[in-house]
Student: 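Below is a structure I'd like to ask you about.
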Amino acid sequence: LGCGTGKYLSVNSQVYNLGCDYCEGLVEIARKKGDEVLVCDNLNLPFRDQCFNAVISIGVIHHFSTKQRRIKAIKEMARILTPGGQIMIYVWAMEQKNRRFEKQDVFVPWNKALCSRHFSDQSGDKGEFVHTAKGQDIHPAQLVLSECSYQNNLQPETDSKHSRHMEHCIPRACCMKISEEENRFYSALGRSFRSWFFSRSLDESALRKQSDKMKHLKHEGVWANSTVPIQHSRHCSLDLGHHGALLNEQSLDDDDDVFVESLSLKKPQWSPATDALKDLSLNGEHQSVGQSKGDKASFINGPVEDRDHICGCNKDGAGKPDASKFFKRTSTTDSTDSALDSAVSVGDQTDAVLDTRAFMRYYHVFREGELCSLVEENVPELQILSSCYDHGNWCIIAERRG
Amino acid sequence: MKLLTHNLLSSHVPGLRPGGGFPLRIEAAEVRVRPVPFNAAFVSRLVPRLRWEALREAAESLGRPSELPPEPLPDYEADEEFLRRLHHVLLEVEVLEGSLQCPDSGRRFPISRGVPNMLLSEDQ
């Protein structure tokens with residue numbers, strides 16, 4: 001559920017894989033890859049009872065904006081499991097590596113750079129857009145619930161698909177399109193703003209490490225061979241999305257741990273680096289937004305659920321020696337790090353922030369134990385088998401009773 | 001959409017009687033057949049999970065004479081010919097365009113480019 005572009009649909013060829021997502025656009029990308037997929041609502045699954053042996057929900061339910069919706073999603077997934085069938089759920093943790101989100105309910109900017117080019121190409125579209133509301137009259141659930149990242153590998157003919165997609169999506173505000181006006185405003189407002197939100201101008205080696213890991217993840221067989229980890233993972237500061245669990249077998253970067261241990265992470269220590277970086281990254285961002293769109297696609301590797309992280313700034317790390325000086329001590333690249341820095345608490349918005357909300361994604365990040373309690377108290381049909389913290393996520397595996 | 005998927009799908013329009021949403025009636029405008037590697041053990045394990053009558057009806061509705069018996073044959077695990085026919089129906093036939101109709105409510109769900117869209121509108 002929440003398969004996005006089908007990141008996990010090919011990991012196990014021994015089973016019949018069926019991917020579902022709320023967003024038609026993403027599902028179509030998965031389909032092109034040859035996956036069996038459909039569009040549906042996690043809160044109202046179009047399946048008969050007890051017909052699946054296994055369900056995975058990776059980085060999905062943290063997008064539901066109320067506790068009741070999150071419970072409903074889990075109950076629906078439990079309903080379609082056979083007795084003895086198992087479910088694995090991953091959600092973002094409030095407690096990140098050495099840091100925490102300030103609040104549990106946050107908006108995290110979505111990488112508009114991926115989306116804006118496509119959307120602005122749609123200026124011909126007949127004004128199908130949803131205004132971001134000032135104030136709270138849009139229920140957070142109606143904001144972006146799933147990420148529709150139209151990546152560069154889209155063919156031109158998908159433009160028409162996109163409009164179809166918008167027709168389906170807009171009533172539910174699956175992906176928000178902003179008006180021409182807002183687009184211009186955002187662009188004007190936004191070079192520096194964007195860099196604040198999106199730039200994680202990172203030192204070269206951290207970026208390369210990240211991209212190396214991403215490439216490594218393409219290995220098939222990693223999933224098939226590894227058992228699901230029960231133990232606490234090493235708190236590697238590289239958040240590799242939810243493949244993190246699989247990498248327990250591999251050696252994680254010792255470098256990162258060494259750096260992190262010597263680092264005392266008081267906020268003040270971060271801000272000078274960030275400020276300096278803002279300046280550096282401004283330039284970097286201009287370049288990278290113009291040139292590296294193709295790079296972005298390969299970086300992000302197609303999938304969707306959760307990563308707003310590396311936004312492609314300075315991807316090649318070309319000539320930013322100063323950045324590395326600041327980053328020597330923080331060479332870790334937590335994918336939720338940028339989220340942490342740029343997250344806006346629900347209810348905290350200023351006007352300036354509101355206007356950028358067109359591309360914000362809602363997260364309810366989970367505290368330790370919260371996911372377990374949620375299931376134990378509300379979904380008696382599931383029995384939790386194991387739970388762990390994994391690369392910035394809380395995860396559980398549960399079995400359908402009966 | 002493969003027929004194995006179809007066998008799992010049920011309408012979830014609110015207010016249906018229990019079981020009233022299954023099976024969805026296929027209206028196929030475009031069907032494709034594509035070979036899929038045969039795995040006898042896999043197909044065999046599927047048999048108890050299937051709603052057999054719904055599968056037969058689905059195969060019929062796609063305009064292909066049903067090659068499936070009214071019930072799974074006894075000792076089907078060892079019957080390779082049976083398993084191959086079942087494999088073909090379940091995995092090699094795909095509906096690319098058309099719709100799925102809820103038997104009780106009549107509500108239609110479109111299938112386009114091989115992808116069924118099972119979303120209900122806001123008021124449902």
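Quick note: numbers below take in every heavy atom, side chains included, and nothing from hydrogens, waters or symmetry partners. Each chain gets a letter, A, B and so on, in the order the sequences are listed, and its residues count up from 1.
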Student: For B:V47, is there any backbone N or O sitting under 3.5 Å from a side-chain donor or acceptor partner on B:W52?
Tutor: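 Here the side-chain-to-backbone pair does not exist.
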Student: Between the main-chain N or O of A:R79 and the side-chain N or O of A:D49, is there a donor-acceptor pair closer than 3.5 Å?
Tutor: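 A pair under 3.5 Å: no.
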Student: Measuring heavy-atom distances to chain B, does A:D35 have an atom under 4.5 Å in its side chain, in its backbone, in both, or in neither?
Tutor: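 Contact with chain B involves no heavy atom of A:D35 at all.
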Student: Could you check whether any side-chain N or O of A:K75 sits under 3.5 Å from a backbone N or O of A:N378, counting only pairs where one atom can act as donor and the other as acceptor?
Tutor: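 Answer holds: yes.
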Student: With chain A as the partner, which of B:N7, B:V115, B:L8, B:L46 has the greatest number of non-hydrogen pairs under 4.5 Å?
Tutor: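 Between B:N7, B:V115, B:L8, B:L46, the count favours B:L8.
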Student: Tell me if a side-chain donor or acceptor on B:N117 pairs with a main-chain N or O of B:I111 at a distance below 3.5 Å.
Tutor: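 No, because the side chain of B:N117 does not come within donor-acceptor range (under 3.5 Å) of the backbone of B:I111.
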Student: Counting only heavy atoms closer than 4.5 Å, note whether B:T5 contacts chain A via side chain, backbone, both or neither.
Tutor: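 When you check distances to chain A, atoms from both the backbone and side chain of B:T5 fall under 4.5 Å.
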Student: Do the side-chain N and O atoms of A:N53 and B:R49 include a donor-acceptor pair separated by under 3.5 angstrom?
Tutor: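 Yes.
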Student: Return yes if some donor-acceptor pair links the side-chain N/O of A:R400 with the main-chain N/O of A:A78 below 3.5 Å, else return no.
Tutor: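 It does hold such a pair.
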Student: When you measure from the side chain of A:H63 to the backbone N and O of A:Y363, does any donor-acceptor pair fall under 3.5 Å?
Tutor: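 No; zero donor-acceptor contacts below 3.5 Å.
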Student: Taking every non-hydrogen pair under 4.5 Å, which of A:L45, A:D41, A:V37 racks up the most with chain B?
Tutor: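 With the most close heavy-atom pairs to chain B, the winner is A:V37.
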Student: For chain A, which residues of residues 19-31 of chain B have at least one non-hydrogen atom nearer than 4.5 Å to it?
Tutor: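 The stretch touches chain A at B:F22.
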Student: Quick one: do A:E28 and A:R31 make a salt bridge, cutoff under 4.0 Å?
Tutor: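 No, A:E28 and A:R31 are not salt-bridged.
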Student: Report yes or no: does B:D104 contribute a side-chain atom to a donor-acceptor pair with the main-chain N or O of B:C102 at less than 3.5 Å?
Tutor: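 Side chain of B:D104 to backbone of B:C102: no pair is present.
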Student: Counting heavy-atom pairs under 4.5 Å with chain B, which one of A:C20, A:C40, A:P46, A:A30 comes out on top?
Tutor: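 Heavy-atom pair counts peak at A:P46.
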Student: Considering only heavy atoms, give the residues of residues 79-101 of chain B separated from chain A by less than 4.5 Å, sorted numerically, with 'none' for an empty result.
Tutor: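 Near chain A, by residue number: B:L91, B:E94, B:L96.
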Student: Without swapping roles, check the side chain of A:D21 against the backbone of A:V27 for a donor-acceptor pair under 3.5 Å.
Tutor: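 Judged by distance alone, no pair lies under 3.5 Å.
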Student: Give, as side chain, backbone, both or neither, the part of A:R48 having an atom under 4.5 angstrom from any heavy atom of chain B.
Tutor: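 Looking at A:R48, backbone and side chain both touch chain B.
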Student: If only atom types and distance count, is the side chain of A:S57 paired as donor or acceptor with the main-chain N or O of A:V60 below 3.5 Å?
Tutor: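 Checked: no pair found.
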Student: When you look at A:N42 and A:R69, which way does the side-chain hydrogen bond (donor to acceptor under 3.5 Å, both in side chains) test go after all the steps?
Tutor: CA-CA 9 Å; A:N42 199 161; A:R69 287 164 72 83; over 6 Å; no
